[in-house]
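Read through the structure below, which is laid out as structure tokens, and then see the notes.
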Amino acid sequence: MIDLKKLQNGFNETADKLRKKKIKEEVLKELQRLFVVLKEQRSELEKLQAQQNKKSKLFPLYLKEKKDISGLKKELEENKENISFKQKIVNEIEEELEIYALNIPNIPDDDVPIGKDENDNLEIKKVLEPRVFDFKAKEHWELGEDLEWIDFKRGVKLAKSRFSVLKNEAAKLERALINYMLDFNTDKGFKEVSVPYIVNKDSMTGTGQLPKFADDLFKIENEELYLIPTAEVPLTNLYRDEILNTEALPKLMCAYTACFRKEAGSAGRDTRGIIRQHQFDKVELVSITKPEQSDEVFDKMLQCASDLLTSLGLPHRLVLLCGGDLGFSAAKTVDLEVWLPGQNRYREISSVSNTRDFQARRAKIRYKDGKKNKLVHTLNGSSLAVGRTLIAIMENYQQADGSIQIPEVLKKYI
RNA sequence: GGACAGGUGGGUGAGUUGGCUGAAACCACAUCCCUGCUAAGGAUGCGUACUGGUAACGGUACCGAGGGUUCGAAUCCCUCCCUGUCCGCCA
């Protein structure tokens, strides 16, 4: 959630920055108006309540002195009506304000480039040279079917489209990758956590999936429960509604989970292969920091994910997302894109984001700064998407005879 | 899923014949004093959020959540959630 006080005190600045994310000024104007009205109405309500409290305290005194209380009672009965009337107004404004506020995305950092979509993203650097093939590199689905590594048909039979089954070495490789990634990240100082794959509405609201992106989530029937789209949700919400010890920060965490996404907006995209599935595995990093720590931790997480790719011998590049391509909760995001020789292009395999205090404000994650409670910063990043790493290994390590080599670092995990 | 018992501040835990309790006491924590040796004693402070005020200091709300009764609710009523114990079921 954006800072409403900031919006009020520096409206133009905030509106300018949110323009990068294509937010219309009228929406912000309305939000600001509601905020002002709410404050006025609430102040009036509180005055009435103060009156009621003060006068109610006279009752025991009157009774003691055997005074007549009927006049006082009548007065308070009337005031009570006023209070409940005003209370209703305040509640309505609060609800309306909340709907607005929860649907406004995070404010992009100043160094986020202006742009419409992924074409305006900024390449920061490339790591490792793509290998030169002396034969035509196949795409992963071709390899997957030839080697009986991926069973697309039966995945669909079991569930529906965008589900698949891994077999033979692929199944083993997936497990090896998860273990390797967890070990790699924990060696870098991220504490391993194992979390639920199903969370409640408050958690989804805390990290920003709800209320706006309900259509992207799998919901449990007849329950206010959802399948997680990323481990970012349970990891970040671990500390929802808490005030953390300053010494405990920064908290660096990592977790392996399955992730579930409806892929509502991506009909027709990546229908071939396992690039875009309803269920996929991911090892995720989440950090909770003091505000002044978050830039440093962001770099650390990014480096961690990049080093992981390098250790697997996978060529990749770092891309700074422009405002138009930035996610809802992120103030800044750098994507890692891995080279896929079969597709002959880079594809996203990780996304590292700093949400600043956006999620912290929603989820009420604070820390003690001296006497005051302040909002933390939260960051998340994949390290890495397991399925896409599997794809990258298949395509990059394929041999002329159609077989696939196993990266050196994974051999002991198989 | 069934029965019973509960959900109070960082922790333990009082308060349930409605008002003087936003909440005793103890512990923990912070600052100070005394004293000096591996300790002890004393003083003060110490929930969260919003809000008024330069500040001092005020106001409102919150005792699992949401409703209700009442002039007034942590205390009474309803619904939901959660925890514990026993039973049932089960990886």
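- Going from the P atom of B:G58 to that of B:A43 covers 24 Å, rounded to whole Å.
- Taking 4.0 Å as the cut-off between side-chain N and carboxylate O, A:Lys374 and A:Asp357 do not count as a salt-bridged pair.
- Ring geometry, A:Phe163 versus A:His278: the interplanar angle falls from 30° to 60°, so the pair is classed tilted.
- Contact of the A:Leu336 side chain with the A:Leu302 side chain is registered, since non-hydrogen atoms from C-beta on lie closer than 4.5 Å.
- For the pair A:Glu44 CD and B:G52 C1', the interatomic distance rounds to 14 Å; values are reported in whole Å.
- When the P atom of B:A61 is taken as reference, atom CD of A:Gln41 falls 17 Å away, rounded to whole Å.
- Side-chain proximity of A:Phe35 to the nucleotides B:G47, B:U51, B:A61 is greatest for B:U51.
- Listed by residue number, A:Ile243 are the residues of residues 234-247 of chain A with a heavy-atom contact under 4.0 Å to RNA chain B.
- Nucleotides B:G64 and B:G41 are separated by 34 Å at their P atoms, to the nearest Å.
- As judged by a 4.0 angstrom heavy-atom cut-off over every strand, A:Lys5 is placed among residues touching the sugar-phosphate backbone only.
- Here A:Asn53 does not reach the OP1 or OP2 of B:G72: none of its side-chain N or O atoms lies under 4.0 Å away.
- In summary, the aromatic rings of A:Phe298 and A:His377 are positioned with their centroids too far apart to meet the 6.0 Å limit.
- Put simply, CG on A:Leu61 is 13 Å from C1' on B:G72, counting in whole angstrom units.
- Classified by interplanar angle (parallel below 30°, tilted 30° to 60°, perpendicular above 60°), the ring pair A:Tyr346/A:Trp339 is perpendicular.
- Taking every side-chain heavy atom of A:Leu76 into account, B:C71 is the closest of B:U60, B:U48, B:C71.
- At distances below 3.5 Å, at least one donor-acceptor pair connects side-chain atoms of A:Gln293 with backbone N or O atoms of A:Lys290.
- At the phosphate of B:G58, neither OP1 nor OP2 sits under 4.0 Å from any side-chain N or O atom of A:Lys54.
- Of the side-chain N and O atoms in A:Arg366, one or more sit less than 4.0 angstrom from OP1 or OP2 of B:A49.
- Between the side chain of A:Gln343 and the backbone N or O of A:Glu139, no donor-acceptor pair lies under 3.5 Å.
- One can place CG of A:Asn79 at 13 Å from P of B:U60, the figure rounded to the nearest angstrom.
- A:Lys80 comes within contact range of at least one nucleobase, with a heavy-atom separation under 4.0 Å.
- You'll find that the side chain of A:Glu77 is closest to B:C71, out of B:G19, B:C71, B:U60.
- At a threshold of 4.0 Å, the pair A:Arg276-A:Asp270 counts as salt-bridged, since one of the basic side-chain nitrogens sits closer than that to a carboxylate oxygen.
- Across B:C4 and B:G59, the matching C1' atoms stand 44 Å from one another, rounded to whole Å.
- Among the heavy atoms of the strands, none lies under 4.0 Å from A:Lys372.
- Rounded to whole Å, the C1' atom of B:G22 lies 9 Å from the corresponding atom of B:C62.
- A side-chain donor-acceptor contact under 3.5 Å links A:Glu395 to the backbone of A:His140.
- In this structure, A:Asn373 reaches the sugar-phosphate backbone alone: every heavy-atom distance under 4.0 Å involves primed, P, OP1 or OP2 atoms, never a base.
- Straight-line distance from the CD1 atom of A:Ile365 to the P atom of B:U48: 17 Å, rounded to whole Å.
- Residues satisfying the side chain to side chain donor-acceptor pair (under 3.5 Å) test with A:Glu242, not counting sequence neighbours, are none.
- Candidate nucleotides B:U51, B:G47, B:G19 were compared by shortest atom distance to the side chain of A:Lys39, and B:U51 ranks first.
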Output the pairing pattern of RNA chain B as a dot-bracket string, 5' first, Watson-Crick or G-U wobble with both distances under 3.5 Å, | for cross-strand pairs, [ ] for crossing pairs.
((((((((.[[[..)...(.....]]].(((((.......))))).((((((....)))))).[[[[[..)....]]]]])))))))....
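- Using a 4.0 Å cut-off between a side-chain N of Lys or Arg and a carboxylate O of Asp or Glu, A:Glu46 and A:Arg42 do not qualify as a salt bridge.
- To the nearest angstrom, P of B:U51 lies 13 Å from CD of A:Glu40.
- Spacing between atom NZ of A:Lys88 and atom P of B:G66 amounts to 18 Å, rounded to whole angstrom units.
- In this structure, A:Asn91 and A:Ser43 both approach RNA chain B, and ranking their closest nucleotides by distance from the 5' end singles out A:Ser43.
- Residue A:Gln49 is the one, among A:Gln49 and A:Lys73, whose nearest nucleotide of RNA chain B lies closer to the 5' end (criterion: closest heavy atom).
- A:Glu223 has its CD atom 9 Å from the P atom of B:C81, to the nearest Å.
- A:Asp120 and A:Lys116 are not joined by a salt bridge, as no carboxylate oxygen comes within less than 4.0 angstrom of a charged side-chain nitrogen.
- Taking atom C1' on both B:G72 and B:A61, the two are 16 Å apart, rounded to the nearest angstrom.
- Minimum atom distance to the side chain of A:Leu63 is reached by B:G19, of the listed B:C71, B:G19, B:C50.
- Nucleotides B:G19 and B:G15 are separated by 14 Å at their C1' atoms, to the nearest Å.
- For A:Gln52, the side-chain atoms get nearest to B:G72 when compared with the rest of B:U48, B:G72, B:U60.
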